[in-house]
Amino acid sequence: MPDPATEDISKAYEPTAVEEKWYARWLDANAFHGNENAPDSQPPYSIVIPPPNVTGVLHLGHVLNNTIQDILARRARQKGQAVLWLPGTDHAGIATQAVVERELKKHEKLTRHDLGREKFLERVWEWKDEKGGTIIKQLKRLGCSCDWSRERFTMDPEYIKWVQHVFVDLFEKGLIYRGKRMVNWCPKTLTAISDEEVIPTPQKSKLYYMRYAVAGEANRFVEIATTRPETLMGDTGVAVNPNDKRYGDLVGKKAVRPFPEAEIPIVADDHIDPEFGTGVLKVTPAHDKADYDIGLRANLEVIDVLHPDGRINCPDCPDLDGLDRFEARDKAVEKLESMGLLDKIEDYENNVGFSERGHVPIEPRLSMQWFLKYPSVKEATNAVANNDIVMRPDRWRKTYLHWMENIQDWCISRQLWWGHRVPVWYQKDKAEDLKNAESLDSSHAADLHVSTDPPADPENWVQDDDVLDTWFSSWLWPFATMTNVGERSDTLKKFYPTTDLVTGPDIIFFWVARMIMAGFEYEKELPFKNVFFTALIRDIQGRKMSKSLGNSPDPLDLIAKYGADGLRFGLMRIAPLGTDVRFDEKQIEEGRNFANKLWNAARYRQMVGRDVPGAPQSGDDPSPAGDLSIYDLDILAKLDDLADNLETAYTNYRFNDVGQHLYEFFWSNYCDWYLEAVKNDFKPEADPNRKATTLAVMDTVLRRFLQHLHPYMPHITEELWEKMSYGASDDFLMLTSAETTPATPTDAPANAREHVDAVYQSARVLRNLKAEYNVAANKNIRFIIPALDSAPWAETELPTLALLTGAKEIATDSSFEADKGTPSALTPIGQVFMPLEGLIDVEAEKKRLNNELAKVEKEFSKAQAKLENPNFVERAKPEAVDKARADLASWTEKRDQLNAMIASLH
RNA sequence: GCGCGGAUAGCUCAGUUGGUAGAGCACCUGGUUUACACCCAGGUUGUCGGGGGUUCGAGCCCCUCUCCGCGCACCA
């Protein structure tokens with residue numbers, strides 16, 4: 001049965017319906033639209049979303065990341081800026097292709113090769129249209145205020161043109177070339193990957209010590225330590241350090257590779273570390289980058305003994321041929337042992353590079369790939385070095401600069417089907433030669449068709465099979481989403497460069513650095529002014545969240561339980577600047593509780609404000625009329641402090657501070673103190689004018705607080721904005737410019753806050769006293785104050801103090817003579833007695849006061865010792881000394897008063 | 001090996017020019033007072049990772065060590 005007084009606002013806040021309702025309304029009203037034609041009086045604020053993989057599903061990292069972006073966007077709107085938050089998804093080459101291949105295998109038992117390239121790509125597009133973009137729906141549920149009318153995909157037709165244009169341009173500039181190089185090969189996904197996609201992973205391996213015979217010298221062997229005996233068939237040399245005296249005479253001789261048996265040269269190379277293993281290295285140029293370089297220097301043969309999928313390719317060793325590389329390892333060791341060439345095996349921990357997507361050790365492999373020599377490196381380095389682009393936390397700047405200073409060419413080709421196909425065609429009759437050429441660059445342009453358009457006579461040309469690294473499209477994201485090739489759209493003019501980029505530090509090289517270079521190269525300008533790197537979310541035990549550990553809560557479950565606002569608020573309050581955060585569902589629960597607290601505070605305002613003539617209802621910001629009480633002035637001043645604190649916190653991107661300030665102001669200052677202090681104003685006998693003024697103050701606080709809170713909790717604030725009629729009808733809170741004039745009247749008496757502090761502090765002391773005597777629940781208690789000498793102003797505040805302490809009355813009585821042992825306490829407004837039948841116990845009271853005195857004495861001594869230190873008085877800052885003196889005076893006074901109180905008990 | 005973070009109450013974390021250690025949660029006690037039990041009031045809790053130094057004074061600055069995390073290099 002609903003209480004008739006509260007029927008229009010339910011008792012507990014139910015977020016789901018409210019949140020879905022408002023999101024739909026915002027969409028209907030086109031409230032997220034980024035207006036590229038906004039006048040100059042509305043300065044631009046823009047963010048491009050880090051495009052999630054089109055296969056992606058929302059996880060907590062996304063929630064954190066996108067909540068921050070939404071907060072920034074909503075805050076900018078409240079400041080009257082023209083805001084564009086541009087969303088979209090990434091085609092995610094390997095990930096998406098893998099998903100579709102998996103489905104194909106599962107449901108139709110087919111591989112992509114069974115379908116062929118064209119048919120397979122059709123399937124991928126079908127999958128993308130049907131199932132891709134789940135994450136977009138989830139971002140909407142979170143409340144993200146993206147301009148969905150501008151949603152982009154990295155394989156939109158216009159986006160494809162950008163990628164091709166950039167490829168052609170860089171090729172013509174001589175920065176893109178093709179060459180046979182050692183690359184990181186993923187035997188699982190069967191493609192080359194970039195250095196950044198290799199994850200060094202510590203492994204418990206073995207170090208095998210084996211012997212190669214020295215050719216022509218009976219019974220002479222070199223001992224070699226290796227972790228990869230399975231590649232020995234590809235050995236084409238043995239190397240030692242030229243300064244290693246142990247082996248000096250061997251250089252120039254030959255060693256015998258056991259299988260397939262062959263004599264291979266022993267060479268000298270500086271790269272060899274004499275300290276490692278035996279100081280002798282078997283050189284396998286086809287399967288190790290360092291070996292490849294040694295081979296080049298010593299002119300050694302290159303023998304590839306692996307298939308692309310990691311199986312052994314060595315018909316001369318039938319017992320190994322076709323085996324997986326790790327099976328072959330055991331088998332090779334077995335063979336060596338049977339030949340008497342294996343000396344020992346040691347446990348050994350080393351780092352093995354794993355493929356980021358394939359999750360298997362990569363294989364260094366010599367292959368023909370496209371590479372990019374990065375453009376605009378200097379501009380991109382300087383922009384960050386001199387803080388034109390500000391990275392937060394600052395330490396990532398160093399990481400970035402270090403990478404830029406040691407930048408390596410980027411392997412941009414991938415042996416996949418799903419992606420941007422390399423826009424290069426070979427003349428049909430020369431195709432084989434060109435494809436196998438040692439290198440290929442713009443000097444071969446005559447035999448190539450490198451263009452954004454296919455050749456006019458396609459029958460005479462063959463297109464390159466490779467597609468481009470996904471990041472080769474992502475790096476264009478800030479401008480390629482805003483304008484077409486060869487144009488400067490109004491959107492670009494208004495919103496580029498973007499203001500903030502919010503992303504994880506894990507993609508600083510993959511994405512952030514490359515976007516900066518592309519921005520300078522193609523728009524002659526930095527792509528964003530600020531980069532905010534988010535924290536990494538870990539579980540409560542500090543482990544990374546991962547699917548396999550199953551320790552990653554589904555954000556949608558959390559939203560269902562706590563509401564999107566609760567999730568957002570809870571997460572933001574624990575997300576510190578730049579360090580990892582341990583996720584604890586308790587925090588999200590607090591977020592929900594906070595929403596509920598707000599809900600009920602608004603409900604309370606509705607209840608007490610009903611049917612009050614003259615109570616402010618709606619419209620623009622009326623300053624509270626009538627005589628403001630000290631409590632009114634105090635909360636309004638704290639409201640103004642809140643605005644300042646929030647501004648500072650936002651300026652420094654201290655999102656957890658923002659959350660903390662919002663929480664503390666509302667829960668503690670407003671609800672726990674102000675609302676409790678003014679409850680007398682709503683009693684039937686209260687002065688109607690006083691009541692109206694209090695309601696007006698409550699409205700000012702609530703109205704402004706809803707504005708302040710809106711970026712963190714957009715849905716509930718919008719709901720209450722409407723329910724409380726704080727805006728004109730049809731006006732969204734989200735599009736209402738925040739009020740910035742101080743809420744505190746300019747003629748506010750300066751001592752109001754001090755007086756309120758004194759009252760609140762007194763309330764704390766008296767509550768404490770009641771609790772100590774176990775009468776906390778007793779509402780019939782009367783407090784007596786014999787004298788208000790030091791705080792005569794407090795006389796009028798005693799009813800409020802009584803209210804706050806749950807006492808029946810607090811009376812002044814100069815003739816009051818306490819019986820010895822009457823409980824009493826020292827408050828900022830004087831000594832207060834709590835006379836109660838049956839509670840007079842001189843000894844107990846003496847003991848209690850002595851405890852109190854001991855604490856005061858301790859503080860007193862500290863303060864005194866400080867001031868007795870001549871060095872402090874002479875050398876400390878004057879403010880510090882003044883403060884210390886004031887402290888000492890205050891402790892002295894308290895001590896004396898307590899002593900007097902104790903003395904009176906004798 | 002080089003570099004960067006972190007170590008503060010049982011837990012998660014604040015602590016911004018060095019000047020009396022904080023919040024929330026948890027826990028304990030009491031409480032349905034005209035919003036809220038997703039609540040209210042009160043209480044307990046710290047050799048601020050170890051050691052050394054600078055200073056009148058160090059959680060904060062310097063050195064060093066230990067542990068955890070991250071990046072880069074090496075990785076036969």
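Quick note on labels: first sequence line is chain A, next is B, and so on, each numbered from 1.
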Please tabulate the protein-to-nucleotide N/O contacts below 3.5 Å involving nucleotides 24-27 of chain B, giving atom names and distances.
from  : atom 1 : to       : atom 2 : distance (Å)
B:G24 : O2'    : A:Glu590 : OE1    : 2.6
B:G24 : O2'    : A:Glu590 : OE2    : 2.6

Tabulate protein N/O versus nucleotide N/O from nucleotides 42-46 of chain B, keeping only pairs under 3.5 Å, one per line.
from  : atom 1 : to       : atom 2 : distance (Å)
B:G43 : OP1    : A:Asn768 : ND2    : 2.8

**OP:** Remember a base hit wins even if backbone is also touched, and classify A:Asp672 as base, sugar-phosphate or nothing at under 4.0 Å, heavy atoms.
**Re:** sugar-phosphate
**OP:** May I ask you to say what A:Tyr348 touches in the nucleic acid, namely base, sugar-phosphate or nothing, with a heavy-atom cut-off under 4.0 Å?
**Re:** sugar-phosphate
So which protein N/O to nucleotides 15-18 of chain B N/O distances come out below 3.5 Å?
from  : atom 1 : to       : atom 2 : distance (Å)
B:G15 : OP1    : A:Arg654 : NH2    : 2.4

Subject >> Positions of residues 275-287 of chain A (non-hydrogen atom under 4.0 Å from RNA chain B), listed by number >> reply: A:Phe276, A:Val280, A:Leu281
For residues 764-773 of chain A, which side-chain N or O atoms pair as donor and acceptor with protein atoms under 3.5 Å away, sequence neighbours left out?
from     : atom 1 : to       : atom 2 : distance (Å)
A:Arg764 : NE     : A:Gln761 : OE1    : 3.1
A:Arg767 : NE     : A:Leu804 : O      : 2.9
A:Arg767 : NH2    : A:Leu804 : O      : 3.0
A:Lys770 : NZ     : A:Asn778 : O      : 3.2
A:Lys770 : NZ     : A:Thr805 : O      : 2.9
A:Lys770 : NZ     : A:Gly806 : O      : 2.9
A:Tyr773 : OH     : A:Glu845 : OE1    : 2.3

Original post:
Across all strands shown, which nucleotide pairs with B:G42 by Watson-Crick or G-U wobble geometry, both distances under 3.5 Å?
Top reply: B:C28
Original post:
Is A:Glu676 side chain donor-acceptor paired with the B:A41 base, going by distance under 3.5 Å alone?
Top reply: no
Got a list of protein N/O to nucleotides 56-61 of chain B N/O distances below 3.5 Å?
from  : atom 1 : to       : atom 2 : distance (Å)
B:C56 : OP1    : A:Arg875 : NH1    : 2.2
B:C56 : OP1    : A:Arg875 : NH2    : 2.5
B:C56 : O4'    : A:Asn871 : ND2    : 3.2
B:C56 : O2'    : A:Asn869 : ND2    : 2.7

**OP:** Indicate the ring-plane relationship of A:Tyr674 and A:Tyr670, choosing parallel, tilted or perpendicular according to the 30° and 60° boundaries.
**Re:** parallel
Original post:
Roughly how many Å is it from CE in A:Met391 to P in B:G5, rounded to a whole number?
Top reply: 16 Å
